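Notes to accompany the following structure.
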Amino acid sequence: MSSIPGMEPLTARGQPPNITALSERLCGTRFPGGTYTITTDIHSTVTALVEATDHPQTVHPALCIVTALNAIGLPLDQVCLLAEANINDGPLLGECDIRLHRPLQVDEPYSVSGQITGVTRKRSQRLGLMDLLAFTLNIASSEGKAVADVGLVWILPRPEPLQ
Amino acid sequence: MIAPPLPIVTSKHFRVTRTQCATWARILHDTNPIHFDVAAVEELGLGTETINPGPANLAFLYTMLNENFPALRVIRLKARLTGTVHSGDELTVNGTVRKEEGQHPHAMIHLDLRLVSTRGVSVVAEAWLMPPEEYQ
(Lines give C-alpha, C1' and ligand atoms only; values in the text may rest on other atoms or scores of the structure.)
Protein backbone atom coordinates (compact mmCIF):
# COMPACT_ATOMS: atom_id res chain seq x y z
CA MET A 1 0.00 0.00 0.00
CA SER A 2 1.47 3.35 -0.98
CA SER A 3 1.63 5.98 1.73
CA ILE A 4 2.95 9.45 2.24
CA PRO A 5 6.34 9.22 3.97
CA GLY A 6 5.94 9.72 7.72
CA MET A 7 2.20 9.11 7.66
CA GLU A 8 1.05 5.68 8.71
CA PRO A 9 -2.66 4.78 8.59
CA LEU A 10 -4.26 5.82 11.88
CA THR A 11 -6.47 2.74 11.88
CA ALA A 12 -3.39 0.75 12.83
CA ARG A 13 -3.16 2.69 16.08
CA GLY A 14 -6.70 1.94 17.18
CA GLN A 15 -7.97 5.05 18.96
CA PRO A 16 -10.28 7.70 17.46
CA PRO A 17 -9.90 11.30 18.67
CA ASN A 18 -12.32 12.74 21.21
CA ILE A 19 -15.14 14.03 19.00
CA THR A 20 -16.26 16.79 21.37
CA ALA A 21 -12.78 18.24 21.66
CA LEU A 22 -12.20 17.85 17.93
CA SER A 23 -15.43 19.63 17.07
CA GLU A 24 -14.73 22.49 19.47
CA ARG A 25 -11.22 22.89 18.09
CA LEU A 26 -12.15 22.77 14.40
CA CYS A 27 -15.54 24.46 13.96
CA GLY A 28 -15.01 27.92 12.52
CA THR A 29 -11.42 27.20 11.49
CA ARG A 30 -10.71 29.15 8.32
CA PHE A 31 -8.64 27.70 5.50
CA PRO A 32 -5.70 29.71 4.17
CA GLY A 33 -7.46 29.97 0.81
CA GLY A 34 -5.83 30.64 -2.52
CA THR A 35 -6.38 31.21 -6.19
CA TYR A 36 -6.97 28.87 -9.10
CA THR A 37 -7.23 29.37 -12.85
CA ILE A 38 -9.01 26.87 -15.08
CA THR A 39 -6.66 26.40 -18.01
CA THR A 40 -7.80 25.22 -21.42
CA ASP A 41 -5.78 22.03 -20.83
CA ILE A 42 -7.58 21.27 -17.56
CA HIS A 43 -10.92 22.08 -19.14
CA SER A 44 -10.24 19.77 -22.06
CA THR A 45 -9.07 16.98 -19.74
CA VAL A 46 -12.15 17.21 -17.52
CA THR A 47 -14.63 17.39 -20.38
CA ALA A 48 -12.99 14.33 -21.95
CA LEU A 49 -13.20 12.46 -18.62
CA VAL A 50 -16.93 13.07 -18.33
CA GLU A 51 -17.71 12.75 -22.04
CA ALA A 52 -18.92 16.34 -22.30
CA THR A 53 -18.55 18.70 -25.22
CA ASP A 54 -15.43 20.84 -24.90
CA HIS A 55 -16.60 24.44 -25.33
CA PRO A 56 -14.20 26.63 -23.29
CA GLN A 57 -16.72 29.50 -23.53
CA THR A 58 -19.20 27.42 -21.49
CA VAL A 59 -17.13 25.87 -18.74
CA HIS A 60 -18.30 22.49 -17.45
CA PRO A 61 -19.83 23.08 -13.99
CA ALA A 62 -17.75 20.26 -12.48
CA LEU A 63 -14.80 22.65 -12.73
CA CYS A 64 -16.41 24.46 -9.83
CA ILE A 65 -15.43 21.60 -7.49
CA VAL A 66 -11.98 21.40 -9.06
CA THR A 67 -11.47 25.13 -8.48
CA ALA A 68 -12.68 24.97 -4.88
CA LEU A 69 -10.56 21.99 -3.88
CA ASN A 70 -7.43 23.27 -5.61
CA ALA A 71 -7.48 26.61 -3.81
CA ILE A 72 -8.31 25.68 -0.22
CA GLY A 73 -4.74 26.62 0.56
CA LEU A 74 -4.04 23.16 1.95
CA PRO A 75 -3.73 19.85 0.11
CA LEU A 76 -6.41 17.30 1.03
CA ASP A 77 -3.99 15.24 3.11
CA GLN A 78 -3.32 18.32 5.27
CA VAL A 79 -7.07 18.96 5.62
CA CYS A 80 -7.35 15.39 6.92
CA LEU A 81 -4.49 15.98 9.35
CA LEU A 82 -6.34 19.00 10.77
CA ALA A 83 -9.07 16.55 11.74
CA GLU A 84 -6.52 14.04 13.10
CA ALA A 85 -7.23 11.75 10.15
CA ASN A 86 -4.91 10.21 7.62
CA ILE A 87 -5.51 10.34 3.89
CA ASN A 88 -4.14 6.81 3.63
CA ASP A 89 -7.19 5.58 5.59
CA GLY A 90 -9.34 6.25 2.51
CA PRO A 91 -11.55 9.28 3.25
CA LEU A 92 -14.52 9.66 0.91
CA LEU A 93 -16.71 12.53 -0.21
CA GLY A 94 -20.11 11.97 1.42
CA GLU A 95 -22.28 14.97 0.54
CA CYS A 96 -22.19 18.19 -1.44
CA ASP A 97 -24.32 21.27 -1.94
CA ILE A 98 -22.98 23.37 -4.82
CA ARG A 99 -24.55 26.71 -5.75
CA LEU A 100 -23.32 28.43 -8.90
CA HIS A 101 -24.09 32.15 -9.00
CA ARG A 102 -22.48 32.88 -12.36
CA PRO A 103 -20.71 30.83 -15.04
CA LEU A 104 -17.05 29.95 -14.62
CA GLN A 105 -14.60 31.14 -17.27
CA VAL A 106 -11.42 29.60 -18.63
CA ASP A 107 -8.20 31.56 -17.93
CA GLU A 108 -9.84 33.67 -15.20
CA PRO A 109 -8.20 33.65 -11.76
CA TYR A 110 -10.63 32.77 -8.98
CA SER A 111 -10.05 33.22 -5.28
CA VAL A 112 -11.30 30.69 -2.76
CA SER A 113 -11.94 31.13 0.94
CA GLY A 114 -13.64 28.80 3.34
CA GLN A 115 -14.02 27.31 6.76
CA ILE A 116 -14.85 24.14 8.64
CA THR A 117 -18.49 24.16 9.69
CA GLY A 118 -18.87 20.94 11.64
CA VAL A 119 -17.47 17.60 12.72
CA THR A 120 -19.83 14.83 13.83
CA ARG A 121 -19.41 11.12 14.53
CA LYS A 122 -21.61 8.35 13.28
CA ARG A 123 -21.52 4.68 12.50
CA SER A 124 -22.48 3.13 9.18
CA GLN A 125 -23.09 -0.53 8.44
CA ARG A 126 -20.88 -0.33 5.37
CA LEU A 127 -17.95 1.75 6.66
CA GLY A 128 -18.10 1.36 10.45
CA LEU A 129 -17.14 4.25 12.74
CA MET A 130 -16.62 7.54 10.92
CA ASP A 131 -16.43 11.28 11.41
CA LEU A 132 -18.17 13.67 9.03
CA LEU A 133 -16.05 16.75 8.37
CA ALA A 134 -18.15 19.55 6.87
CA PHE A 135 -16.73 22.66 5.27
CA THR A 136 -17.78 25.41 2.91
CA LEU A 137 -15.67 26.94 0.16
CA ASN A 138 -16.59 30.24 -1.46
CA ILE A 139 -15.34 31.05 -4.94
CA ALA A 140 -15.09 34.70 -6.00
CA SER A 141 -14.01 36.44 -9.19
CA SER A 142 -11.01 38.77 -9.34
CA GLU A 143 -13.50 41.67 -8.98
CA GLY A 144 -14.78 40.10 -5.75
CA LYS A 145 -18.11 38.91 -7.15
CA ALA A 146 -19.51 35.68 -5.70
CA VAL A 147 -19.20 32.89 -8.27
CA ALA A 148 -20.05 29.75 -6.31
CA ASP A 149 -20.54 28.33 -2.83
CA VAL A 150 -19.42 24.75 -2.39
CA GLY A 151 -20.48 22.82 0.71
CA LEU A 152 -18.78 19.47 1.19
CA VAL A 153 -19.00 16.74 3.81
CA TRP A 154 -16.03 14.42 3.91
CA ILE A 155 -16.25 10.93 5.49
CA LEU A 156 -13.20 10.19 7.65
CA PRO A 157 -12.97 6.49 8.58
CA ARG A 158 -12.11 5.98 12.27
CA PRO A 159 -10.81 2.97 14.14
CA GLU A 160 -13.06 1.34 16.72
CA PRO A 161 -12.15 2.57 20.23
CA LEU A 162 -9.93 0.24 22.24
CA GLN A 163 -11.85 -1.52 25.03
CA MET B 1 -56.92 23.05 -16.83
CA ILE B 2 -54.57 20.12 -17.41
CA ALA B 3 -50.92 20.87 -16.66
CA PRO B 4 -48.51 20.26 -19.58
CA PRO B 5 -46.43 17.09 -19.26
CA LEU B 6 -43.09 17.44 -17.53
CA PRO B 7 -39.99 17.09 -19.74
CA ILE B 8 -38.69 13.56 -20.19
CA VAL B 9 -35.06 13.17 -19.10
CA THR B 10 -32.83 10.90 -21.18
CA SER B 11 -30.49 8.69 -19.17
CA LYS B 12 -26.76 8.77 -19.90
CA HIS B 13 -24.30 5.93 -19.57
CA PHE B 14 -20.62 6.03 -18.61
CA ARG B 15 -17.83 3.57 -17.93
CA VAL B 16 -15.05 4.25 -15.40
CA THR B 17 -11.44 3.19 -15.96
CA ARG B 18 -8.38 3.07 -13.69
CA THR B 19 -6.81 5.81 -15.79
CA GLN B 20 -9.82 8.05 -15.21
CA CYS B 21 -9.69 7.52 -11.43
CA ALA B 22 -5.98 8.37 -11.35
CA THR B 23 -6.36 11.37 -13.67
CA TRP B 24 -9.12 12.84 -11.51
CA ALA B 25 -6.94 12.36 -8.42
CA ARG B 26 -4.14 14.25 -10.15
CA ILE B 27 -6.45 17.11 -11.22
CA LEU B 28 -7.80 17.39 -7.66
CA HIS B 29 -4.32 17.03 -6.10
CA ASP B 30 -5.87 14.20 -4.07
CA THR B 31 -3.19 11.84 -2.75
CA ASN B 32 -5.71 9.37 -1.32
CA PRO B 33 -4.25 6.04 -2.54
CA ILE B 34 -7.67 4.43 -3.07
CA HIS B 35 -7.90 6.40 -6.32
CA PHE B 36 -4.77 4.93 -7.92
CA ASP B 37 -3.50 1.97 -5.88
CA VAL B 38 -5.48 -1.30 -5.97
CA ALA B 39 -3.47 -2.68 -3.04
CA ALA B 40 -4.61 0.25 -0.86
CA VAL B 41 -8.24 -0.40 -1.76
CA GLU B 42 -7.87 -4.08 -0.89
CA GLU B 43 -6.05 -3.38 2.38
CA LEU B 44 -8.85 -1.06 3.50
CA GLY B 45 -11.46 -3.67 2.61
CA LEU B 46 -13.09 -1.39 0.06
CA GLY B 47 -12.97 -3.74 -2.93
CA THR B 48 -10.59 -4.90 -5.61
CA GLU B 49 -10.56 -1.94 -8.00
CA THR B 50 -9.54 1.70 -7.62
CA ILE B 51 -12.24 4.15 -6.49
CA ASN B 52 -13.39 7.09 -8.56
CA PRO B 53 -13.05 10.38 -6.59
CA GLY B 54 -16.44 11.68 -5.43
CA PRO B 55 -16.24 14.93 -7.43
CA ALA B 56 -15.81 12.83 -10.59
CA ASN B 57 -19.13 11.11 -9.92
CA LEU B 58 -20.81 14.47 -9.51
CA ALA B 59 -19.33 15.57 -12.84
CA PHE B 60 -21.26 12.77 -14.57
CA LEU B 61 -24.49 14.27 -13.23
CA TYR B 62 -23.57 17.68 -14.64
CA THR B 63 -22.82 16.19 -18.06
CA MET B 64 -26.19 14.44 -18.19
CA LEU B 65 -27.99 17.63 -17.18
CA ASN B 66 -26.13 19.73 -19.76
CA GLU B 67 -27.06 17.26 -22.52
CA ASN B 68 -30.73 17.16 -21.55
CA PHE B 69 -31.13 20.89 -20.94
CA PRO B 70 -28.57 22.73 -23.12
CA ALA B 71 -30.55 25.98 -22.90
CA LEU B 72 -30.42 25.99 -19.07
CA ARG B 73 -27.68 26.29 -16.47
CA VAL B 74 -27.36 24.15 -13.34
CA ILE B 75 -27.48 26.65 -10.49
CA ARG B 76 -27.57 24.15 -7.63
CA LEU B 77 -26.61 20.51 -7.15
CA LYS B 78 -27.25 18.88 -3.79
CA ALA B 79 -26.07 15.29 -3.52
CA ARG B 80 -25.43 12.39 -1.16
CA LEU B 81 -22.78 9.94 -2.27
CA THR B 82 -24.25 6.69 -1.01
CA GLY B 83 -21.84 4.20 -2.56
CA THR B 84 -18.41 4.03 -4.12
CA VAL B 85 -17.80 3.88 -7.87
CA HIS B 86 -14.88 1.70 -8.95
CA SER B 87 -12.85 1.36 -12.11
CA GLY B 88 -14.58 -1.08 -14.43
CA ASP B 89 -18.04 0.01 -13.25
CA GLU B 90 -20.69 0.88 -15.79
CA LEU B 91 -22.81 3.83 -14.71
CA THR B 92 -26.19 5.24 -15.61
CA VAL B 93 -27.41 8.71 -14.63
CA ASN B 94 -31.21 8.83 -14.40
CA GLY B 95 -33.35 11.89 -13.80
CA THR B 96 -36.95 12.80 -13.17
CA VAL B 97 -38.32 16.32 -13.34
CA ARG B 98 -40.01 17.12 -10.07
CA LYS B 99 -41.23 20.61 -10.97
CA GLU B 100 -41.14 22.98 -13.94
CA GLU B 101 -41.97 26.68 -13.84
CA GLY B 102 -42.36 28.65 -17.04
CA GLN B 103 -42.34 27.62 -20.69
CA HIS B 104 -39.97 24.93 -22.00
CA PRO B 105 -37.14 25.31 -23.14
CA HIS B 106 -36.69 28.39 -20.92
CA ALA B 107 -38.34 27.04 -17.79
CA MET B 108 -36.84 26.75 -14.32
CA ILE B 109 -36.55 23.07 -13.50
CA HIS B 110 -36.10 21.05 -10.31
CA LEU B 111 -35.03 17.42 -10.80
CA ASP B 112 -34.30 14.27 -8.83
CA LEU B 113 -31.18 12.45 -10.01
CA ARG B 114 -29.58 9.07 -9.40
CA LEU B 115 -26.23 7.71 -10.44
CA VAL B 116 -26.52 3.93 -10.50
CA SER B 117 -23.54 1.63 -10.91
CA THR B 118 -23.37 -2.12 -11.30
CA ARG B 119 -23.00 -2.17 -7.47
CA GLY B 120 -26.16 -0.18 -6.73
CA VAL B 121 -27.11 3.45 -6.22
CA SER B 122 -23.95 5.56 -5.85
CA VAL B 123 -25.32 9.11 -5.80
CA VAL B 124 -28.76 10.48 -4.92
CA ALA B 125 -29.15 14.15 -5.85
CA GLU B 126 -31.41 17.09 -6.57
CA ALA B 127 -30.62 19.75 -9.15
CA TRP B 128 -32.06 23.14 -9.97
CA LEU B 129 -31.67 24.67 -13.45
CA MET B 130 -32.43 28.16 -14.75
CA PRO B 131 -32.25 30.03 -18.04
CA PRO B 132 -28.90 31.81 -18.43
CA GLU B 133 -30.54 35.23 -18.67
CA GLU B 134 -32.02 34.74 -15.20
CA TYR B 135 -28.81 33.30 -13.85
CA GLN B 136 -26.16 35.86 -14.80
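Chain identifiers are assigned alphabetically (A, B, ...) following the order of the sequence lines, protein sequences preceding nucleic acid strands; residue numbering begins at 1 within each chain. Keep in mind the model is a prediction, meaning the values are calculated, not measured. Atom set for the values below is all heavy atoms of this structure, side chains included, hydrogens, waters and symmetry mates excluded.
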Given side chain to side chain donor-acceptor pair (under 3.5 Å), test B:His35 with B:Asn52 step by step and report yes or no.
CA-CA 6 Å; B:His35 303 312; B:Asn52 207 30; over 6 Å; no
Linked, directly or transitively: B:Leu115 and B:Val124 (ILVMFWY side chains, under 4.5 Å)
no
In one Ile/Leu/Val/Met/Phe/Trp/Tyr side-chain cluster, 4.5 Å: B:Val116, B:Val97
no
Atom group of [X] that falls short of 4.5 Å from chain A, counting heavy atoms:
{"X": "B:Ile34", "value": "side chain"}
{"X": "B:Glu126", "value": "neither"}
{"X": "B:Leu46", "value": "side chain"}
{"X": "B:Asn32", "value": "both"}

When B:Glu100, B:Arg98, B:Lys99 are each screened for side chain to side chain contact (heavy atoms under 4.5 Å, CB included) with B:Leu6, the one that passes is B:Glu100
Rounded to the nearest 0.5 angstrom, the CG-CG distance for A:Leu93 and A:Leu76 is 10.0 Å
With rounding to the nearest 0.5 angstrom, report the CG to CZ distance, A:Leu74 to A:Phe31.
7.0 Å
Nearest non-hydrogen partners of A:Met130 and A:Ile155, listed with the distance:
SD-CG2, 3.6 Å
Counting only heavy atoms not in [X], do more than 12 sit closer than 6.0 Å to its [atom1] atom?
{"X": "A:Gln125", "atom1": "CD", "answer": "no"}
{"X": "B:Arg114", "atom1": "CZ", "answer": "no"}
{"X": "B:His110", "atom1": "NE2", "answer": "yes"}

Identify which of [options] forms the greatest number of heavy-atom pairs closer than 4.5 Å to chain B.
{"options": "A:Asp149, A:Leu152, A:Leu69, A:Val66", "value": "A:Val66"}
{"options": "A:Gly94, A:Ala52, A:Ala48", "value": "A:Gly94"}
{"options": "A:Val153, A:Ile65, A:Leu63", "value": "A:Ile65"}

Residues of residues 80-91 of chain B under 4.5 Å from chain A (heavy atom pairs)?
B:Arg80, B:Leu81, B:Thr82, B:Gly83, B:Thr84
Proximity of residues 9-26 of chain B to chain A, residues having a non-hydrogen atom under 4.5 angstrom:
B:Lys12, B:His13, B:Phe14, B:Arg15, B:Gln20, B:Thr23, B:Trp24
Salt-bridged, A:Arg158 to A:Glu84, with N to O below 4.0 Å?
no
Is the shortest side-chain heavy-atom distance between B:Ile109 and B:Pro7 below 4.5 Å?
yes
Going by heavy atoms in the side chains, are B:Asn94 and B:Leu113 under 4.5 Å from each other?
no
What part of A:Leu127 gets within 4.5 angstrom of chain B, counting heavy atoms only: side chain, backbone, both, or neither?
side chain
Donor-acceptor pair, A:Asn70 side chain versus B:Ile27 backbone, under 3.5 Å?
yes
Scored by heavy-atom pairs under 4.5 Å with chain A, the best of B:Ala56, B:Gly54, B:Ala125, B:Ala79 is B:Ala79
